Amino acid sequence: MTRDEIRQFLEFYQDLGVKTIYQRGSALEAEALPELVEDLNSLLPPSAAPPRVAPPRVAPAPVSFSPAMKPPAAVPPPPPPALIPLAPEGDTMEAIRTDIGDCRRCRLCEGRNKIVFGSGNERSRLVFVGEGPGADEDASGLPFVGRAGQLLTQMIEGTAAKEGIKILRPDVYIANVVKCRPPENRTPMPDEMEICGQFLFRQLLAIRPKAICALGSTAAKALLGTKEGVTKLRGNWQKWHDIPVMVTYHPSYLLRPYNQNAKREAWEDLKKVLHFVYD
Ligand code: URA
C-alpha cells in the first residue's frame, strides 16, 4: 500500500464515523488517526514529491484586537479533500467474511453460536438492515429466520406482489448491525455497534445498493448517527453517504398486537422503497 492509499484508507474510515480500526489484534483510536498519519509520513520512505498529510487540526488560540486594529479577513477554509472512493478498492463480501473470521473483537462473541453475516443477493439493488441476530438466527447462522423474519419475508413478498414488482426475499440482501446475538436479545451497546458496524459498512459499500431499508432504531442509529426515533424518521428518505435510506419499524415491533397503525405505516414505507428501487 502506498502512503497515499493508507491515508485515504484511514480517512475513509474516519469519514464513516468509525472511531476504532481493528487490525490483527490491535486497535487504533480515531483520535490517534492524525498522529498515526503523521507517524506514517515519517516512517514511509520519502518519495520524489512526498504527499504531505494535513497535520491534526488544533483550535487556534483566541486573538484579541484593539478597536483600532482591523481583524484580518477570515482565511477561507481549505477545499475539501478529493472524494474518497466509497468502497475500499477490491473489497468483496468474501474478503469481509474472511476479515470477520472467528471474531473475538467484542463481548458478543462469548454467547454466540454462529456469526450471522447476512444473506440474499449480494448484487441486490436493495439491502435491509436489522439490529442483530435472535435465537433462531444464532442457531442457523442466517438473518431474519424467526418470527420477525417470517413477517419481514411476508412484508417484502406481499408488498412486491401487490405492487406488481417481481421480487422475492432472495432477491434482496439482508444483514444486521451486529453479527452476533446479544444476550437475552438486548439492544446492542454502542461499542458493539461501532466495532461490528465497520463490517456492515463494508458490506453496504461492496453491494452498493440503490437504497437501504433500516429496520428499527438500532439500524437507523448505526447508519444515520441520529438519536431521532423511528416514528420521526420513517416515511422520508435519509442518506447514508450517497445511498438513500428509508427507516421503518422493526418487524419485531410490528408483531406486537397493538401496533396496527405502525403496520400500515411500515407497508407504506416498503411500497415507497420498492417503487424507488424497482420501477
Ligand atoms: N431481528 C433482527 O434485527 N435481526 C435478525 O436477524 C433477526 C431478528
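Both counts, for ligands and for their atoms, begin at 1 and track the order of listing. Below, each value reflects all heavy atoms present in this structure, side chains not excepted, and no hydrogens, waters or symmetry copies. What you are looking at is a predicted structure, and each value in this text was computed from that prediction instead of being measured.
Every residue two or more places apart in sequence or in another chain that forms a side chain to side chain contact (heavy atoms under 4.5 Å, CB included) with Glu122 is listed here: Met93, Tyr173.
Under the 4.0 Å criterion applied to side-chain N and carboxylate O atoms, Lys166 and Asp171 are not assigned as salt-bridge partners. Under a 4.0 Å N-O distance rule, the pair Glu137/Arg181 does not qualify as a salt bridge.
Listed by number with element, the atoms of ligand 1 under 4.0 Å from a non-hydrogen atom of Glu131 are 2 (C), 3 (O). Of all the atoms in ligand 1, the ones that sit under 4.0 Å from a non-hydrogen atom of Pro143 are 6 (O).
When Gly132, Ser119, Gly130 are ranked by how near their heavy atoms come to atom 2 (C) of ligand 1, first place goes to Gly132.
The closest side-chain donor-acceptor pair between Asn113 and Asp138 falls under 3.5 angstrom.
Val116 and Leu215 fall into different hydrophobic clusters, where Ile, Leu, Val, Met, Phe, Trp and Tyr are joined by side-chain heavy atoms under 4.5 Å apart, directly or via other members.
Atom 4 (N) of ligand 1 has as its closest protein heavy atom Asn176 OD1, 2.8 Å.
For His250, a nitrogen or oxygen atom sits less than 3.5 Å from a nitrogen or oxygen atom of ligand 1, counting backbone and side chain alike. Inclusion of Phe144 in the set of residues having an N or O under 3.5 Å from an N or O of ligand 1 is warranted. At under 3.5 Å, not a single nitrogen or oxygen of Glu137, backbone or side chain, sits near a nitrogen or oxygen of ligand 1.
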| task | Take Asp102 and Arg112 through the salt bridge (Lys or Arg N to Asp or Glu O under 4.0 Å) test and state the conclusion after the steps. | result | CA-CA 11 Å; Asp102 183 28; Arg112 73 148 186 260; 2.7 Å; yes
